[in-house]
Amino acid sequence: MLGYILRRIGMMIPTLIVISMISFIIIQLPPGDYLTSYAATLRATGDAVDEAELASLRERYGLGEPIYVQYYKWMSGILLRGDWGQSMEWRKPVKELIWERMALTVFLSLISILVSWFVAIPVGVFSATHQYSIPDYLFSALSFIGAGTPGFMLAMVVMWVAMRQFGLNVGGLFSEEYILEPWSWAKVVDMLKHLWIPVVVIAFESTAGSIRTTRANVLDELNKPYVETARAKGLRERNLVWKYPVRVAMNPFFSTVGWTLAGLISGQTLIAVVLSLQTNGPMMLRALRSQDMYLAGSFLFLLSVLTVIGTLVSDVLLAWVDPRIRMEG
Amino acid sequence: MAENGAERPLLLEVKGLKKYFPIRKGFFSTRTVGYVKAVDGVSFFIREGETLGLVGESGCGKTTTGRLILRAYEPTGGEIWFNDRKMGRVNVTNLDRQQLKQLRQNMQMIFQDPYSSLNPRMTLLQIVGEPLLVNGVARGGDLQDRVAELLRVVGLRPEYMTRYPHAFSGGQRQRIGVARALALNPQLVVCDEPVSALDVSIQAQTLNLLQDLQAEFGLTYLFVSHDLSVVEHISDRVAVMYVGKLVESARTQQLFLKPLHPYTEALLSAVPKPDPRRRTEPIVLQGDVADPANPPSGCYFHPRCRYAIERCSQEEPQLRELGEEHFVSCHRADELSLQGVASAAMAV
Amino acid sequence: MNDNRELLVEVKDLKTYFFLDEGTVKAVDGADFNIRRGETLGVVGESGCGKSVTARSILNIVPKPGKTVAGEILYHRKIKGAEQTLDLTQMAPQGDEMRGIRGAEIAMVFQEPMTSLSPVHTIGNQIGEAIRLHQGLDPDTARDLAIKTLSLVGMPLPERTIDQYAHQLSGGMRQRAMIAMALSCHPSLLIADEPTTALDVTTEAQILTLMRRLQDELGMAIMYITHNLGVVAQMTERVVVMYMGKVVEQADVDTIFYDAQHPYTRALLQSIPRLGQKTHDRHRLASIKGMVPDPYALPKGCAFHPRCGAVKPGLCDQVEPTMVEIAPGHKVRCHLCANRA
Amino acid sequence: MKQGRKLTRREFIQISALTATGAVLAACGQPTATPAPATKAPEATKAPEATKAPEATKAPEATKAPEPTAVPEPVSKFKEAPMLEELVKAGTLPPVDERLPMNPYIVEVAESIGKYGGNWRRAFNGVSDRWGPTKLNDRTLAWFDKDLVMKPKLLESWDVSPDATTWTFHLRKGVKFSDGVPLTSEHFKWFFEYQVKNTELTTTPPQSHATRGADGKWTICEMEFPDDYTVVFKFAQPKPMLFYEGGGTRSINGWLTPGHYMAQWHMDLVDDKAALEAKVKEAGFDSWVQYFNDHRNRFDLNPDRPQITPWLLKGSLAEERFVMERNPYYYATDPEGNQVPYIDTVTHRLFENAEMLNMWIINGEIDYQARHITAGNYTLYKENEENGDYRVLVGVNAGHESLQLNLSTKNPLLNEFFNTRDVRIAISHAVNRDEINELCFNGLYTPRQYSPLPMSPNYYPKLSEAYIEYDPDKANALLDAAGYDKKGADGIRLYKDGSGPISFMVEGTAEAGTPEEDSVQLVCKYLEAVGIKATYKYFERALYSEHYSANEIEAAYWGGDRTVLPLVPGAIIFRGVQPDRPWCPGFGFYYNNPEDANAVKPPDGHFIYKIWDIWDNQVAVEPDQARQNKLFEGILDIWAEELPMIGLLGEKPSPTIAKNGFMNVLDGYPNDDTTGDEQFLQSESFFWDDPESHTA
């Protein structure tokens, strides 16, 4: 298995090189560059455009150079110095920007995934074992609504209700006064007060899908002969359901865990934008819109890298949880 | 018919047929580490109008052999000579795409699973008529007439033509499969476990149907099955396969009454006889069927064979003819006296 | 042929129905038979005749939307010498007592050894589970016992097999593992639901030999469900023939094969090709005409009458026959035999 | 709600209008009482004693504190914020009198003398939105009073020679950077010597320090620094608009540099060049120039850089929350000698989308802001005034809804059509401005041509009211008479040669569903009614800019702003040299550089030559602001005659959120980039009525 992983990693390298080139070309595709977009924004807000500043920036970022030179600069920076380039908009190293937000992004994603699983799996299992019961119909209806409601819309509704009905401070993960504060107990409490909205919104959407998946998977497994075997052994129904069909039905979950890696960067972008969460999603969206070349490129590249790694992780995880795959060969 | 069978011309002659499937070692690798020798140098022939039974346990290569003859798989080696009605005697393994299309009009297949081998979104007319349409044999009103005729032949009512497969029971579906196979009036029909999935009572109906059709249209069958009783019942001659190799072939009665290969003997002995008064202890073979990816040395059967001598583990036996049309690959075939099934009067 | 072994299970007028949107399927519709201690009872019939549902009714694990609606299943239990008779149909399926019987006193082996074992748990885990559950042993002792049971069923290298997964074993070995699991708690009744149907003939021979040996050694009763008349002939002492949810004939195995009275039993026996019977070419098998009727719309009268060669119009298609004992231990449900009682 | 005198918008406009009329006589930025040939900036009310003799031209030592004897006033002269008093008591800060100049800048208060303390909450949307915080801070060499008259601010006064080639700045004495270092002419010199003249740092000469000759070449001025508080510019050509061009009212960055700090980042001035090189590399920059320009010298990115702004950076704009804190050395007081700003801290909070900002507003989490706040949500803001405990003030936006027909379009038939004066006038008459206003903008706008606002000294009713009445008959008559009287079967007019129909695409960045998009669709409908086919198409703004940059645009629907003080930004839209308001992008390129690939030479006799001539040879060389304004009317006359661009609606209300209790802010202020948007009334004068309840 180790050899396999090494081999897969080896195969990833050419893939990633091609991906990095494509990322770079994609961000260069739209007309203009960061500076035209920047100037246009300025004009749109009625601000003066300082041509000297633009000229200096153009030179600063080598925007006049041919694309392959820019690409070479970028890539060699990444490979030789771990330098992902500078964000034109944020005037900061890309690496710093992404890392700054990574902790929050990962934290939020994990919490949401956990909450979603924590809810979805029991509900899905219940629905499956009580197929066509009233709670099953209820959960099904709920999960269809969940799957059908755009997350950003839900976010706005929840925010509005939280604000108008409960007078809560909404947006972001902290009250304004805590944003720049160092971590403290009060800050944690403050965060928990804010955290529930994004977690509920993000989890609601993915929970809906997860309930459907769990229910369908468990239903598939419930009628398998091995479940009957277990039943014939005299096991308690609840125990056997969790030990056998649910365990097998969880395999698809494990196999998608790897995919959530990419979601760490891009996940729930719209919701994060609506809720003004300082995660990577909104930053990526913003970078793409403002044509912040290196930042956008790095995001695209990272996304691809994480997708590729995620696939590997998924495969390994799946093999780990499923002896049928693990043992083969 | 076995008696006068010898005068009939050969329809199919298979020589040294091989099919190796590469083994891509497991989930975590894509490199080929070996081959499953699913079919490994199989030779037999079928005369026109006769039924050759091909028996063996699962994984012995019998199904693969059936498919190789139709070139549903590309053979790894060997020759398949077929006496085509139009093209004459051709080597199936060398045919080009066009010729193959022609050939397939004369070679058809009936599958084991009557549920999955029929497209649920097609009506009977479409299913049975498809080969006619594709090969430009009939269309429009002609097509309907021909399909109606075929359905009648297999014992289904022509009015069913517009229905979908799900409206039929397992036995009826198998009849649909037979009708489709017969649509182009083939010379050879490869029957791949056609009755294994059917209930006892339906199995009998289907076997009778196949026999009736053979008599009516002069069909030739390659009858692939693991059920020795069924094979005995329907075949003129029988070939036994073990781990990709043909170990014995002979006229049916000869093979069942006087087998020459210890594996055949064990197989026959293992079949539970439907007669409580003849409770026999079967010859219980030790261990499992050999792994075709990693077969034993010498005779593949030797680790399980109770007659094995040292030579069996060293030297691979060749198929040889002992007695008229009785082929066997066993070093000790001439010295052993093996037990067949006793010919007893049927109870009731 | 009388048998004075004690009764173990009495199935009396068992009715297990499935309530579906399309209608009610009377999967088991009045099954009557007994199983004595240590005997082997064969239950024969074509798919859908209700033989598997009968087995599940005994274990009280009929899947939804099925339900035992009538009848009794009397289980004569011996606990420390004391006799106790329980009606299994009256027990809560999830109750402690029922679960205590299930897997411990009445165990079951299923048809498909591949899919009947969990793909993601080791053999040892699945065998040990039953042992721990019913015998309250600690995991280590349970494991030792599981290894012993595996060697009992002739599993080569049981110490290694116990940590393997189902897919690593051959079909025969899987079925041995299944049998080991069923036997691990020394049940008094083993229900074997087509245990060799999915196996090759040489493997089948191994398993059949094994089961015979185990019965000799352990003395449990076996209810052997199969559609293979050869297996019935070789394995069982008494046979119950079922058709459309009903027992149509029951007798000792010799009687069934040599003196069957029900037209269905006879037709069944005639429709199978038998080894060593190849005498003439183009020999036709006797087949049963028509098809198994639609379970939602059973024919009036005797369910077999549309396919019966000896049907008496006005009687068979109108009146449902009752079970008649025409000879000691030989019961038939047929109008034609009614006057022979 | 306690509040001082509230200047209504109407009043404000009236005042401004009066001022504008008066401006003909009394030029802005010039005291009426001093009709000297050389314009002289008004002196501050409290003139300092005779300037100290120029001690030496050499810069004061960075660490050297000003001589205490230089400020002989008693300690009680100024008052300061409590938070600073504490620092002074603690000994970490010099007393207020040492921190303030002898003659501080006196900030006008719109309502009343303020109270100290509190925090002011705003929102921003990222580093590229630095202009919000920047405008809040940047009012430097000079600023406008309420009547839009430019007054010296950091400067005590200035002189300009009659030919406008020599400018002399007189600095306030004792102004200090936020690190306590006195600001002197040396800082102007540093900027000139080490930045302007350094061709690495400055690739094109800044317009503030150079003049363009007839040959189109730029010549850098010469500078003299006779003493610590005097800075002299000597230009090769007249430079009457020095303040306008150099952003004189805005950032100090175009004038001076805190060289005592920045020297450490300047390659020519460091001893250990390798060390600087290493720092540059470590920070991820390719060259020291980039690091210097793009990072070290930016107030919003480098909190260490000494400032002279009212508030100082604490943290970075690249954070979710951007905090600024009062500058203890800020050189201004209110009329009673209280050092400003009143408010302790300003915080900007990052929002990712406009809806979030709206949530904050109606939840009362924004204290004073007009930036990013749109008229389209006016009703929403009004409805939630009570809930959010704020009031909606309304400023006057300098922008207009307007239709630009590309007079330099490459399509010859369309070019001829657009360049027909009567066609443009017909189109102007063809649109029903009142209806657009009512249907799309709740009637909040005012029908008018693109022209200076009424409060502007350049207000010119002749232009703003020209051809604005809805008269489709007249439009049809004009079009018929212009030779476009033939129509196709669909009722659309044909070109003169009979080809056609006359059809063009109007490009814009207004997305479907916005009031702006509704309005341009209405315009297209009106045009169709008079037989002209115009189709609106939304373009992503980068694509839009590609189109106008290549002069490939036929017509555009895009705002027209810079109408408060049009001369300050160089009247770029009036001159047609602002290509994103593309009424003649090709001509604009030609004006800037006749060799430009996309330049289109206007045909001989085109009115635009007249406009350029008036600008280049009259307005741009006239140092006297009153005369400048008068001369500019020549251009406005041409506009009123030719109507180069079809203005529709203007005087757009600019909703401004002001939390109740946030004082010294007024309705009706001009909202334009040139005048600092909602900071026109000078943010350092804003205060909280109850600062205790508005702490950060």
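Throughout, protein chains are lettered first and strands after them, A, B, ... in sequence-line order, and every chain is numbered starting at 1.
- Heavy atoms of Q203(B) lying under 4.5 Å from chain C belong exclusively to its side chain.
- Of the two parts of V200(B), the backbone and the side chain both hold a non-hydrogen atom closer than 4.5 Å to a non-hydrogen atom of chain C.
- At a 4.5 Å heavy-atom cutoff, T196(C) makes no contact with chain B through either its backbone or its side chain.
- Between the CG atom in D199(B) and the CD1 atom in I288(C) there is a gap of 9.5 Å [rounded to 0.5 Å].
- Rounded to the nearest 0.5 Å, atoms CG (L199(C)) and NE2 (H226(B)) are 10.0 Å apart.
- The part of M235(C) that comes within reach of chain B is its backbone (N, CA, C, O), which places non-hydrogen atoms under 4.5 angstrom from that chain.
- Looking at T209(C), the atoms closer than 4.5 Å to chain B (heavy atoms on both sides) all sit in the side chain, from C-beta outward.
- Here CG of L285(C) is found 10.5 Å from OG1 of T206(B). Values are rounded to the nearest 0.5 Å.
- Q286(B) touches chain C through its backbone: at least one of N, CA, C or O sits under 4.5 Å from a heavy atom, while the side chain does not.
- The line from NZ of K273(B) to CG of L275(C) is 6.0 Å long, rounded to the nearest 0.5 Å.
- For a residue to count as touching a neighbouring chain, one of its non-hydrogen atoms must lie under 4.5 Å from one of that chain's; by this rule A286(C) touches chain B with the backbone only.
- Rounded to the nearest 0.5 Å, atoms CG (L229(C)) and CG (D275(B)) are 11.5 Å apart.
- Remark: N208(B) CG to S271(C) OG distance equals 9.5 Å, nearest 0.5 Å.
- When heavy atoms are compared at a cutoff of 4.5 Å, L207(B) approaches chain C solely by way of its side chain, counted from C-beta outward.
- Here the side chains of S229(B) and I272(C) are not in contact, with every heavy-atom distance at 4.5 Å or above.
- For chain C, no part of D227(B) is nearby; none of its heavy atoms comes within less than 4.5 Å.
- Of the atoms belonging to Q206(C), heavy atoms from both backbone and side chain fall under 4.5 Å from chain B.
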